[in-house]
Structures are given as structure tokens and as C-alpha cells.
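Below: one structure, written as C-alpha cells.
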Amino acid sequence: MADNKTDGATDYRATLNLPDTPFPMRGDLPKREPGWVKEWNEEGLYQRLRDARHGAPKFILHDGPPYANGQIHMGHAVNKILKDMITKARQLEGFDALYVPGWDCHGLPIENAIEKKYGRNLSRDEMQAKSRAYATEQIAQQMADFQRLGVLGEWEHPYKTMDFANEAGEIRAFKRVIERGFVYRGLKPVYWCFDCGSSLAEFEIEYADKKSQTLDVAFKAHDPVKLAAAFGLPGLHKDAFAVIWTTTAWTIPANQAINLNPELDYALVDTERGLLVLAASLVEMCMNRYALDGKVLATVKGERLGGLEFEHPLYDVDAGFRRLSPVYLADYATADDGTGLVHSSPAYGVDDFNSCVAHGLSYDDILNPVQGNGSYAPDFPLFGGQNIWKAVPVIIQALRDAGRLLTTEVISHSYPHCWRHKTPVIYRAAAQWFIRMDEGEGVFTKDKAPQTLRQTALAAIEQTSFYPENGKARLHDMIANRPDWCISRQRSWGVPIPFFLHKDSGELHPRTMEILDQAAAIVEQGGIEAWSRVTTEEILGAADAPHYTKSTDILEVWFDSGSTFWHVLRGTHPNVHHETGPEADLYLEGHDQHRGWFHSSLLLASALEGRAPYRGLLTHGFTVDSQGRKMSKSLGNGIDPQEVNKKLGAEITRLWVAASDYSGDIAGDDKILARVVDAYRRIRNTLRFLLANTSDFDIRKDAVPLGELLEIDRYALSRAAQFQAEILAHYKVYEFHPVVAKLQVYCSEDLGAFYLDVLKDRLYTTAPGSLARRSAQTALWHITQAMLRWMAPFLSFTAEEAWKFCGDGQSIFVQTYSDLGTPDAALLARWTRIREIRDAVNKEIETVRTAGQVGSSLQANVTITAPADDHALLAALGDDLKFVLIASAVALAAGDALAIQVNPSSAAKCERCWHWREDVGHDSAHPGLCGRCTSNLYGAGEQRIVA
């Protein structure tokens with residue numbers, strides 16, 4: 001090595017092996033990431049990964065399809081990044097980790113978007129055509145955004161629920177559910193949204209506070225003699241009334257019965273407003289509410305009052321209400337609040353419906369005046385054509401004028417709302433198609449399932465792994481308590497229910513099962529639009545066509561997304577299935593999908609296959625701001641993934657997701673992201689140091705056999721093996737935030753503060769090809785290789801970038817985790833103690849440095865007094881102990897306890913290695929160098945044994 005002369009002094013800097021690498025210090029992520037995404041797409045990286053894992057065991061994460069409507073938000077980003085990290089971690093583990101992204105394409109939000117743009121008077125054909133075009137545009141936009149986040153997947157062949165093959169497959173799945181005996185048609189109250197103009201599933205309901213008016217309404221006894229006898233009285237001296245309490249004034253006009261609990265005590269109370277029938281335990285409360293004085297004349301059990309008849313409260317107001325309300329006995333009438341008597345409008349409540357039907361009320365006799373748009377039928381007495389919510393004060397006034405309103409007040413209570421429109425919904429009886437949860441007969445049953453759907457689904461939950469565990473109880477409770485699933489919708493943009501109903505009997509055409517196959521074939525060729533254009537005569541023939549009506553109902557969108565496993569895992573993507581069955585290894589979505597996609601997928605798989613479609617369920621929380629508020633446009637507290645990409649880079653979003661405990665809500669804002677940027681820089685700087693110090697190292701020519709490495713290098717690799725085991729254990733159970741936290745500690749403590757700190761002198765000052773330096777580089781090379789694989793699932797862009805400088809020319813994701821061997825427990829224990837002693841020495845050196853006695857640790861002479869075990873441990877390091885402690889000289893002494901003394905060195909400082917040594921100037925030709933530097937530069941080179 002040549003000397004550089006400057007002003008008569010020798011500059012030894014050029015003689016050092018100073019680190020160098022083209023891997024830049026600055027990531028410039030916003031500028032460079034789009035190029036990497038483009039490169040991955042052009043190179044067909046996803047297919048290369050599949051080719052590399054051909055024949056390997058599969059890992060399948062089935063994508064819960066986001067809705068093809070609107071720009072992605074941070075919640076989407078979190079979800080897709082988590083999926084990407086998991087599949088990449090499994091890919092590196094050696095699995096053929098497949099990921100087919102998907103989209104949910106049918107349904108109301110898209111119809112709403114089309115109606116807003118083109119109006120509400122579109123034909124079915126126009127609505128379908130425009131909806132398909134709109135969904136296609138939305139998918140293209142979302143796909144670009146997901147790829148920009150570094151998500152690898154089968155983007156050239158995603159699944160879409162509107163693909164003809166998927167639409168046809170859904171009809172075939174529907175046919176199979178019918179064959180298994182689960183489908184029936186029934187008139188039942190279902191959740192109904194006036195804004196949707198359609199029924200809703202349980203999954204589509206959320207609860208919010210709503211203001212309602214409570215009403216206490218009097219129903220006059222139609223036969224006072226029978227009422228008196230029921231209470232054991234000889235007669236009644238004034239009019240008597242059954243008093244009901246309700247929060248839904250709009251249902252009063254459709255009242256058809258009154259429900260009492262057979263086991264409750266009911267009192268006949270004499271008041272100035274007449275004789276009132278009330279639950280005995282509520283008499284005092286009711287008298288206070290009505291501002292009346294009351295005297296209880298008699299008390300009987302509710303069962304004595306069954307069959308009595310009372311007049312509708314508007315009986316005398318309009319002939320249309322001249323009907324009687326019989327008393328039905330039902331357990332759901334309680335004395336928890338109100339009056340203990342429940343008015344029953346069977347079209348608008350499940351319990352009311354079940355009670356009335358059980359007591360003999362026929363479907364045809366059930367009053368159902370509320371239309372799908374939220375208004376009473378035009379010919380309905382008194383309130384015809386009025387919106388039910390706006391009619392409430394009109395109804396209250398009519399009851400007041402009739403003398404049947406005892407009191408009314410406004411309350412705020414939890415009420416079901418549509419989760420799309422955020423508007424209140426009602427129960428409304430409608431002829432719908434249902435999937436049955438419990439025993440019963442279905443239509444066209446051919447291969448009846450051995451158990452009920454509820455039993456099968458609950459058993460399937462027991463076979464499923466949950467991450468976190470509490471998801472199991474949540475899903476179990478939902479399945480255990482849910483009603484039958486209403487699967488029909490009254491919309492245009494969706495997979496048809498291809499039924500033909502007899503105009504008189506309402507029965508399905510006897511060839512229904514053949515027609516389902518025919519419909520699937522038509523849809524497979526031309527989509528749902530092709531079925532819409534088919535006429536009844538084309539399917540049924542001229543003889544039957546006049547007698548049947550073609551159903552215009554569609555399958556609800558939860559049937560669409562819930563059945564995607566049926567298509568993707570066994571049909572449209574033939575490679576995406578396990579040899580042992582069609583289940584996915586994992587479904588991963590937000591925790592709200594226990595009532596959504598997890599739920600509908602479980603029910604359909606249980607109906608079709610008798611098992612769950614997944615082996616594991618993972619849930620994540622919502623994105624919130626630093627105050628815990630859910631991110632929303634209205635609050636202006638969101639962080640936009642597109643803006644983060646432009647400002648900081650998608651890599652920062654990825655690291656933020658990885659560093660967050662997703663089992664709860666995920667907090668993010670500008671300050672939190674700034675901390676993530678700092679963490680990224682620390683990891684990148686460590687990586688750059690590793691690459692720079694191995695830039696002249698060729699593993700094929702320069703590697704030192706692992707058994708011949710210096711002891712500290714063997715320790716570093718053993719510690720890396722130990723650390724890798726921890727990392728992979730976390731990845732096994734889909735945990736990322738402990739990995740990020742531990743990786744930062746590993747970079748700063750294990751590497752930065754210890755191993756790399758100790759290593760610098762050996763790397764920089766020993767001869768380039770010496771055993772001492774090559775030993776260090778061998779260890780660094782293995783650590784770099786391992787570290788890039790550890791971080792690749794979440795820091796994908798950075799790992800791939802760095803891999804170009806130290807890899808094999810392929811992608812980092814083609815690799816598998818490094819084989820670092822089994823950690824050497826004895827070596828780890830030995831160096832753990834050495835590091836503890838070193839920390840104590842550093843503390844003492846820092847005290848002396850702060851006092852101004854030394855400029856750096858290399859100026860220090862250290863004396864360590866140590867008990868026998870520690871003395872033997874340190875003595876075994878020989879002269880290399882000073883390199884471990886980064887001191888110029890170290891003396892050991894025996895003692896009972898560990899004690900450390902630090903003194904400034906009186907020797908001269910070597911101009912090249914900066915050690916303070918007595919032999920500086922020993923060579924007159926190089927007066928500024930110490931003995932080991934002259935040996936390393938001009939002689940045989942110093943010998944390192946340990947460090």
C-alpha cells in the first residue's frame with residue numbers, strides 16, 4: 001500500500017480498508033419504488049416465484065375481495081400489506097405461497113354510483129352494462145395502487161366476482177346448496193332498507209342511536225263480559241283497555257294481535273281513563289307515567305287472558321281499522337319495561353310474525369302495507385302514500401283524537417341501520433329466498449346434508465385456528481344465534497336467481513334444477529346480462545311460458561364473495577388448491593368480517609362441503625389516529641396511502657404496518673410515520689455497513705470455513721441463528737411487530753453497539769486478504785444474507801434493492817431462509833457474560849471521558865479485577881481482550897468481586913489505527929505507526945485469535 005504525502009505528513013487513510021458500496025445511504029423511495037414495481041411486472045416476478053417453487057408444498061391465502069368502488073384508503077393498504085407480508089414470509093420458508101387478488105363487483109354501491117350519474121330510470125340491461133364498465137374502471141385504479149404498495153400477486157389473472165366463469169360458478173354453487181336441502185322460500189320479516197330498496201342480511205346491519213317516540217296505546221275490550229270473567233269479576237263498571245307500549249308508532253296501523261306472557265301476573269287497574277290491563281309489577285310505574293291514580297281490582301296469570309279480543313285503537317275512526325286484536329300468549333312479552341303487553345304487527349317483527357303464525361294466522365292474512373320505498377300503500381286507510389317516518393306525528397295525533405293515547409315521550413335508543421347508507425332500517429315481511437340454519441325441508445332436495453347448517457358451521461369453527469384467539473368466541477356466538485339467511489335481493493346488478501314461479505301457486509317450475517344448469521351455461525358464455533335477455537318462452541317453451549313468471553331477484557353480494565372459494569380454489573385458478581382439499585390455509589380481514597365475509601364463507605362452505613373453507617382466520621383492527629379515532633374523511637384525520645407513497649415511499653407504509661400490533665386498532669399519523677422513517681434509516685444504515693464491508697468479498701473464493709472463524713465471528717453467527725429462530729417462530733403465527741422491534745434492537749445492540757463496533761478495527765486495519773479480515777467478512781456475509789431474508793416480507797423494496805449487490809442475480813423472494821446452523825448454547829452463554837462485563841467497562845470509560853480525562857475509549861488503559869470465573873473467561877481472550885473492549889491496553893487481576901479502573905494512556909497515538917501504544921515510532925521509516933500497523937502494512941500481519 002502506498003503512502004500519501006500531504007504537507008510533509010503521511011496520510012495513512014488510503015491504507016485502510018474503508019467500507020464502500022454503491023448501495024446508497026438515501027433510499028429516495030418515492031422516486032425509485034415505481035421503477036421497481038414496473039420492473040417486477042415486466043419481469044413477471046410473481047410467475048418466476050411460482051416456477052421456483054414448482055412441486056413445493058402450497059400455502060394459500062385466499063383474498064377477501066375488496067369492493068370495486070372508489071380509491072383505496074389506508075385500511076385497504078393495511079389489509080393488502082399484511083397479506084403480502086404473510087405470503088412472502090411463507091415463500092421464503094420454502095412454500096409455494098400463492099396469492100390471487102380478487103374483487104367484489106356486484107351489488108348496491110355500484111348501482112348507487114350509476115344512478116347518481118345517470119338517474120334512476122335505467123333499464124335492467126343499461127344498469128348491468130354501465131355497472132360492469134364502472135367496476136372494470138375501479139378495479140384498474142385499485143390494482144395499480146395495490147401494486148404500488150409492493151404487493152406481489154397474480155395481477156395478470158385476478159379473480160372478479162363479475163367474471164363470467166365466476167358468475168356461472170355461483171349459480172352452480174347455489175344449485176348445490178339447494179340439493180343439500182338448505183334453500184326455501186318464505187314470507188318472513190327481514191331487514192329492509194328503503195334507500196337500498198331491498199332486503200339486507202344480518203351482516204349488513206350496524207347499530208346506532210336513534211330518536212324515537214314511545215307510545216302507550218289503549219286497545220278497548222271487545223267483550224267486557226269475557227274480560228271480567230277472566231279476572232274473576234261479576235262485571236265491569238266502565239270501559240276496559242289493554243295497554244301496549246311501543247317505540248315504533250308506524251307499526252300501530254298494521255296491528256293484528258296483542259302478546260302477553262302466560263307466566264306473568266297482570267292486573268286490572270281502575271283509573272279515571274277506564275280500566276287498564278297492565279303487568280302487575282309495572283302498575284306503579286305506569287300510573288306515574290300516565291299521571292293517573294289507580295286501584296288494582298284483580299290480578300291473574302297471563303294464561304287466563306289468552307284468546308280475549310280487543311279492538312284496534314282506530315276501530316271507531318275508519319272502517320279500514322274495524323278489526324279485532326286477539327291476545328296471543330308468548331314468552332317474549334316481558335315486564336322489563338313498558339306495560340308487559342306487546343302489540344303485534346306480524347309483518348314488521350320476527351317475534352310477532354312467529355307468534356301470529358303459530359297461533360294460526362295465515363300468510364295471506366298478514367297485513368303488509370309498508371312498501372319497499374318506505375311509504376304506506378296508496379289505498380291504505382288514513383295514512384296511504386305517506387312515508388312511515390313522516391307519518392309518525394300524524395298517527396300519534398289520530399290516536400290522541402281517538403282517545404287511545406295515554407302518553408308519549410321521545411327517547412334515544414340503539415337501533416339497526418344500513419351499514420351502507422347509515423339510515424334506519426325496518427323489519428318487513430317479504431317473500432324471499434332463505435338458507436335454513438336448522439331443521440326443515442328445502443326445495444328440490446336431492447342429497448340432504450346429514451346435519452343442520454348451524455351444527456355443521458359450529459363444528460367447523462372448532463377445527464379452525466384463530467389469530468387472535470378471541471375471534472373464535474365471536475364467530476361462534478354469531479353462528480349460534482343467527483336467524484335463517486335471506487339470500488335474495490330486489491336489484492339488477494348481481495347474479496340472478498334463475499327461477500320461474502307459477503303465477504297462481506307460486507311453486508317453482510318442476511324442471512328448476514335443469515334450468516339452473518342451463519342458466520349457468522348461458523351466463524358462462526355471456527355473463528349475467530345474457531340471462532337477463534333470455535325470455536320465459538325460450539327456457540320453458542310456448543306451453544308453459546304463459547303460466548310462469550321469470551324471477552328478477554338476484555343473489556345478495558355476500559353469497560357472491562362467500563362462494564369465491566368454490567370458484568378460485570377449485571375452478572377458475574386450477575393451481576390454487578391443496579392436494580388434500582380445497583381449504584385455504586388462511587383468510588385475513590378486518591375484525592368486522594366475523595359478521596361478514598368470514599361468516600358467509602363459513603355458511604356456504606358448510607352447506608357445500610360440510611366444512612370451513614379455511615384452516616385459519618386472522619383478523620386485524622381498524623386504522624385510527626393517534627387519539628384512537630377511526631380514520632375518516634369527515635374528521636380529516638386520515639393518512640392517505642397515495643400521499644404517503646409520494647412523500648415518504650410505500651416502504652414506510654409497509655414498515656408502519658409491520659411495526660403495528662394489528663390485533664388491535666392500528667394508529668397512524670404524521671408523527672408516528674416520522675418515527676417509522678427514523679427506524680427505517682437505522683435499519684438501512686446497518687444494511688449499508690454490512691454491504692460496504694463485504695463489497696470486496698467473494699464467498700466462493702474468500703470464505704473462511706466456519707470452524708476456522710475467529711471466536712467472536714462464530715459467536716455472531718450463533719447469535720444470528722438464535723435470532724433467526726425467534727424471527728421464524730413469530731412469522732409462523734403471523735406476528736410482525738415483534739420482528740420489527742427485535743430487528744431494530746438486533747441492529748442497534750447486537751450489531752451496532754457490539755459486534756460491528758468491535759469489528760471495525762479488524763476490518764479496516766488488517767491486511768485485505770488476511771485471515772482476520774476474511775473471517776470477519778465471512779460472518780458479515782452470512783449475517784447480511786440472513787438479514788435480507790428476515791426483512792424481505794415487510795421491507796420488500798429495500799431487500800430486493802440490496803440483494804442486487806450481494807445476491808445471485810435472481811430475486812430475494814426466490815430464496816429461502818439462510819441455514820445458520822444450530823445455535824451454540826455454550827458460546828452464546830460465554831459471550832453474553834463477556835458483553836455484560838464490556839458494558840460495565842464502557843460505563844466506567846464514559847465516566848472518565850465525561851470528566852475530560854480521555855478523548856475516546858482507545859485512549860483508556862483498563863484494569864479489571866474479577867472473580868475466578870470471570871477472570872478465566874477474560875483471560876482466555878488473551879491480547880484480543882483489548883479489541884473486545886476497544887481499549888488500548890487491558891490488565892487483569894484476581895479478586896472477590898468485579899471492579900474496573902480506567903486511566904488515560906501515557907503512550908502515543910498511532911496515526912493509522914488510533915490505538916495508544918508504547919511501540920508507536922518503533923520503525924523510523926514510519927514514525928507515526930505502531931508495531932501492528934507496520935506488520936499489517938509491510939510485514940506478515942498481526943495474528944488475531946478471538947476478536
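Just so it is clear, the structure is predicted and the values come from calculations on it, not from any experiment. Residues: numbered from 1 along the sequence shown.
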Test item: side-chain donor near acceptor, W36 and E800, under 3.5 Å: no
Less than 4.0 Å between a side-chain N and a carboxylate O, is that true for D698 and R700? yes
Within a radius of less than 6.0 Å around CG of D808, do more than 12 heavy atoms belonging to other residues, nucleotides or ligands occur? yes
Give a yes or no on whether the ring-centroid distance for Y680 and W656 is below 6.0 angstrom. no
Assess the side chains of N645 and E33: does a donor N or O sit below 3.5 Å from an acceptor N or O? no
If you measure from NZ on K742 to NE2 on H737, what distance do you get to the nearest 0.5 Å? 9.5 Å
Check: E836 and R833 side chains under 4.5 Å, non-hydrogen atoms: yes
To the nearest 0.5 angstrom, please state how far the CG atom of L780 sits from the CE atom of M787. 11.5 Å
Answer yes or no: is there a side-chain heavy-atom contact under 4.5 Å between Q777 and W781? no
Within the 4.5 Å heavy-atom criterion, are F723 and L743 side-chain neighbours or not? yes
Going through the checks in order, is the side chain to side chain contact (heavy atoms under 4.5 Å, CB included) test met by L687 and M791? CA-CA 11 Å; L687 192 55; M791 56 189 271; 3.8 Å; yes
R684 NZ/CZ over F23 ring centroid, <6.0 Å and within 45° of normal: yes
Near W155 CH2, under 6.0 Å, is it more than 12 heavy atoms from other residues, nucleotides or ligands? yes
Donor + acceptor pair across side chains of S796, K88 (<3.5 Å): yes
Checking H157 now: which residues fulfil ring pair (Phe, Tyr, Trp, His ring centres under 6.0 Å) with it, not counting sequence neighbours? H573
Determine whether the aromatic ring centres of W597 and H62 lie less than 6.0 Å apart. yes
Any ion pair linking K58 and D585 (charged N to carboxylate O, less than 4.0 Å)? no
Which atom pairs, one a donor and one an acceptor, fall under 3.5 Å between side chains of residues 751-763 and the rest of the protein, sequence neighbours left out?
unit_1	atom_1	unit_2	atom_2	d
Y755	OH	D713	OD1	2.5
D757	OD2	R838	NH2	3.2
D761	OD1	H915	NE2	3.1
D761	OD1	R932	NH2	2.6
D761	OD2	T765	OG1	3.4
D761	OD2	R932	NH1	3.2
D761	OD2	R932	NH2	2.9
D761	OD2	R944	NH2	2.5
R762	NE	A947	O	3.0
R762	NH1	D713	OD2	2.8
R762	NH1	A772	O	2.8
R762	NH2	D713	OD1	2.9
R762	NH2	D713	OD2	3.4

D28 and R26 ion-paired at < 4.0 Å: yes
